[in-house]
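Structure first, then comments.
When a ligand or atom number is given, it counts from 1 through the structure's own listing order.
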Amino acid sequence: MAKTFYLEIIATDRVFFKGDTEHLVITAVDGLLGILPGHEPLVTSLPTGELKYMVNGKWRYAAISEGFIQIMPDKAVILADSCELPEEIDIKRAEEARERAEEQMRQKQSIREYYETQAALNRAINRLKISQKHFK
Ligand code: ATP
């Protein structure tokens, strides 16, 4: 049997996943990071992106919005603003969110509004990308 470690993925509004995984791959700030059992302890922030984790030899994929990950040799905990499976993503809603954000980017905004709009645009584009890639 493959070696595993315990993974918790907690989004703001739900516990997305709790269980054993053989392998986790996240998009970290400086690129892809693969985590296997026995990984050295690490805490890092997670930008909006894709994650995948293997359960019983099969990859599961998810769209994640900004958060943090704590890695220990036998456990990893992800706290994120939101997390969706590809098949949970409402494409129309994400397209509308992208259009709204693109329209706001054309308007004059404060620096803070600009960063918020940029983050909303990233979330929408990420959802569309992951839904197109993994849910056909
Ligand atoms: P919107 O403007 O459409 O609300 P958003 O990026 O501001 O998008 P979030 O604040 O990231 O939304 O998420 C709020 C909740 O809605 C979370 O539970 C998230 O999983 C869910 N969610 C957001 N957009 C989608 C989508 N396109 N499909 C499915 N769930 C979504």
Would you mind listing which atoms of ligand 1 come within a distance below 4.0 Å of any non-hydrogen atom of Ile89?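 Ligand 1 atoms under the 4.0 Å threshold to Ile89: 28 (N), 29 (C).
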Nearest to atom 28 (N) of ligand 1 by heavy atom, Leu121, Asp90, Asp81, Ile91: which?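 Nearest option to atom 28 (N) of ligand 1, by heavy atoms: Asp90.
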Relative to atom 2 (O) of ligand 1, which among Arg93, Arg100, Glu84, Glu66 owns the nearest non-hydrogen atom?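 Closest candidate by heavy-atom distance is Arg100.
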Checking a contact table here: which protein heavy atom is nearest [atom], and how many Å away?
atom                    : value
atom 8 (O) of ligand 1  : Arg127 NH1, 3.8 Å
atom 17 (C) of ligand 1 : Asp13 OD2, 3.7 Å
atom 29 (C) of ligand 1 : Glu88 O, 3.4 Å
atom 7 (O) of ligand 1  : Arg123 NH2, 3.1 Å

Residues [X], [Y]: salt bridge by 4.0 Å N-O rule:
X      : Y      : value
Arg127 : Glu84  : yes
Arg106 : Glu103 : yes
Glu116 : Arg112 : yes
Glu50  : Lys133 : yes

Closest non-hydrogen atom pair, Thr117 against Met105: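 In this case the closest contact between Thr117 and Met105 is CG2-SD, 3.5 Å.
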Decide yes or no for Ile10 and Phe16: does some side-chain heavy atom of the first lie under 4.5 Å from some side-chain heavy atom of the second?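 Not in contact.
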Once you restrict to heavy atoms under 4.0 Å, what part of Ala94 touches ligand 1? Side chain, backbone, both or neither.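 It is both backbone and side chain that touch ligand 1.
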